Amino acid sequence: MNSINQSGWKPEMGNVGDTAPATYTGNKALMLEEALIFEIGTAGTTGVDLADAPQIAARLGNLERHRDIGLPGLSEPETVRHYTRLSRQNYAIDLGFFPLGSCTMKHNPRLNEKVARMAGFADVHPLQPVETVQGALGVIHELAHWLVTLTGMKAVAMSPKAGAHGELCGILAIRAALTARGDARSVILCPESAHGTNPATAAFAGYAVENIPATSEGRVDLAALKARLGPDVAGVMITNPNTCGLFERDMRAISDAVHAAGGYVYCDGANFNAIVGRVRPGDLGVDAMHINLHKTFSTPHGGGGPGSGPVVLSEALAPYAPLPFVDKNGDHYRLVEEETAGEHHGSSFGRMVAFHGQMGMFTRALSYIMSHGADGLRQVAEDAVLNANYILRSLEDVLEAPFAHSGPCMHEALFSDNGLAEGFSTLDIAKGLIDEGYHPMTVYFPLVVHGAMLVEPTETESKATLDQFIGALGRVAERAKAGDPSLKSAPHYAPRRRLDETQAARKPVLVWREPEQAVAAE
Ligand SMILES: *Cc1c(COP(=O)(O)O)cnc(C)c1O
């Protein structure tokens, strides 16, 4: 540890600006360094004084812990500073434009936060008697009503806690429907542009996953899909709008063909932001679709909060929806927690979670929906699409836009790294954008495009913000095309220089151990 000082800064990390003198602390004015918590914490330091624990008889047998596990000890101010300093090295939607494609990083209106923090919502417990949580059940019921209305579907399962969790819910409902008719099928088809969660979900549920190719336009190849359908295909998982930022115009024909072959249509609805109020997936023949409340309906995500992925279901799949669900009887809300013969959920496939889902997200999403109204939601989609097309058309002469000829994009603009100088790639552009003060766009996804750059501006950004971003991305792209060597070592102004991503992902340092201890443990 001798080359690391108290702050964790090492001389080779460099200081901003080559001419500036290195500081003693490694700090750069307001840019404060911070070491790992294991490096600054000391055993025995604590923020609270606790009485000695009472002696109790050992009950764990050989599971009992005999040596100190080395948890770091910090005082309260040290703890607060540690996490506050780390948070300042992070990027957030509240700091700046966050063009991460497929993620819909839109502004989270503060009104939603205010509503979610009201004691009547924030302090309820899932085990409270139903009579005492009528308002909370009302929120779930009303949000459910909006979701089925906006999508033109029959029912909704509110409890899944993320988009991927919703996918699993939909696939389990499809399997339950097939099982009910005694038709075991083994294959799920996914387009090659699918989000990684789609094939992962199908595989997790025990299905074999097969790819459907894309056309040169970036859409599902309908002929290839039809050719593959058969009695072994349980269903398809199709993202619409798709991850190339394009609307699947053949969706109705796709659904009809899948249904005619006895399968079901799962739609990945993570991109619903682009079509809310304009298109009802139910009209396109979709049987199940998750909605990312944390994307379309502005509830925080990433480091900001948990996700929520309700799944809307068609008439064919509604009977298999998971429990529990909220039912309204006159003015009274009740919870249907068990399968009851004769109930319309008599054939539920089971449960996705212990309780009801993400109550805080339901409250925020309903607040967002009601403050926008139906017309406002439609404008959300229109503005999101307008902003993305503005970026696509402003940059298509600077960066290759492989599907620009397919017509307008939906909510995201897709570029490739073709045409950059020898040895330069999408990664260099992403790193250059960090120096410009932006979180990079989604890179290397979707896989159907070489060195993909997927930019999703969302509707909450002003024209001035978009213009500045277009200027910055355009400038960085020009540097990559001209082969500017300084771009290869970007970022220059971030708290850390270019890191080895592979190493960080493959060999993360999750626990700090003194080298001697590490040796002793091995
Ligand atoms: C975000 C996203 C998902 C997964 O949603 P999570 O909430 O992150 O699990 C799935 N598909 C697409 C297209 C997405 O953009």
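Atoms within each ligand, like the ligands themselves, are counted from 1 in listed order. Just so you know, these numbers come straight off a predicted model, no measurement behind them.
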With a 4.0 Å cut-off on heavy atoms, is Glu167 touching ligand 1?
yes

Considering only the protein, which heavy-atom contact is closest to atom 14 (C) of ligand 1, and what is its distance?
Lys295 NZ, 2.9 Å

For Arg506, does the CZ atom have more than 12 heavy-atom neighbours from other residues, nucleotides or ligands under 6.0 Å away?
no

Is any NZ, NE, NH1 or NH2 atom of the basic residue among Asp500 and Lys507 found under 4.0 Å from an Asp or Glu carboxylate oxygen of the other?
no

May I ask you to identify, for Thr104, whether its side chain, its backbone, both or neither come under 4.0 Å of ligand 1 on a heavy-atom basis?
neither

For ligand 1, which atoms, with element, lie under 4.0 Å from some heavy atom of Ala270?
2 (C), 11 (N), 12 (C), 13 (C), 14 (C), 15 (O)

Using modelled atom types only, decide if a donor and an acceptor are shared between the side chain of Lys154 and the backbone of Gly282 within a distance under 3.5 Å.
no

Backbone of Leu246 reached by a side-chain donor or acceptor of Asn242 within 3.5 Å
yes

If you count the atoms of ligand 1 from 1 in the order shown, which ones are under 4.0 Å from a heavy atom of Thr197?
10 (C), 11 (N)

Using a strict cut-off of 4.0 Å, indicate which atoms of ligand 1 neighbour a heavy atom of Asn292.
1 (C), 5 (O), 6 (P), 7 (O)

Sub-3.5 Å donor-acceptor pair from the side chain of His372 to the main-chain atoms of Tyr368, do we have one?
yes

Starting from atom 11 (N) of ligand 1, what is the nearest protein heavy atom, named by residue and atom, and what distance separates them?
Asp268 OD2, 2.5 Å

Are any side-chain N or O atoms of Arg351 and backbone N or O atoms of Ala354, one a donor and one an acceptor, separated by less than 3.5 Å?
yes

What atoms of ligand 1 come closer than 4.0 angstrom to any heavy atom of Ala162?
7 (O), 9 (O)

Taking distance alone, with N or O pairs closer than 3.5 Å, would you say Asn198 contacts ligand 1?
no

Got the closest protein heavy atom to atom 6 (P) of ligand 1, with its distance?
Gly163 N, 3.4 Å

The protein heavy atom nearest to atom 9 (O) of ligand 1 is Ala164 N, 2.8 Å

Between Glu456 and Asn271, is there a side-chain donor-acceptor contact under 3.5 Å, judged purely by atom types and distance?
no

Contact check, His301 vs ligand 1, heavy-atom distance below 4.0 Å:
no

Quick check: does any side chain N or O of His294 sit under 3.5 Å from a backbone N or O of Ser308, one acting as donor and the other as acceptor?
yes

Ionic contact status for Arg498 with Asp428, cut-off 4.0 Å
yes

Closest protein heavy atom to atom 8 (O) of ligand 1, given as residue, atom name and distance to 0.1 Å:
His294 NE2, 4.4 Å

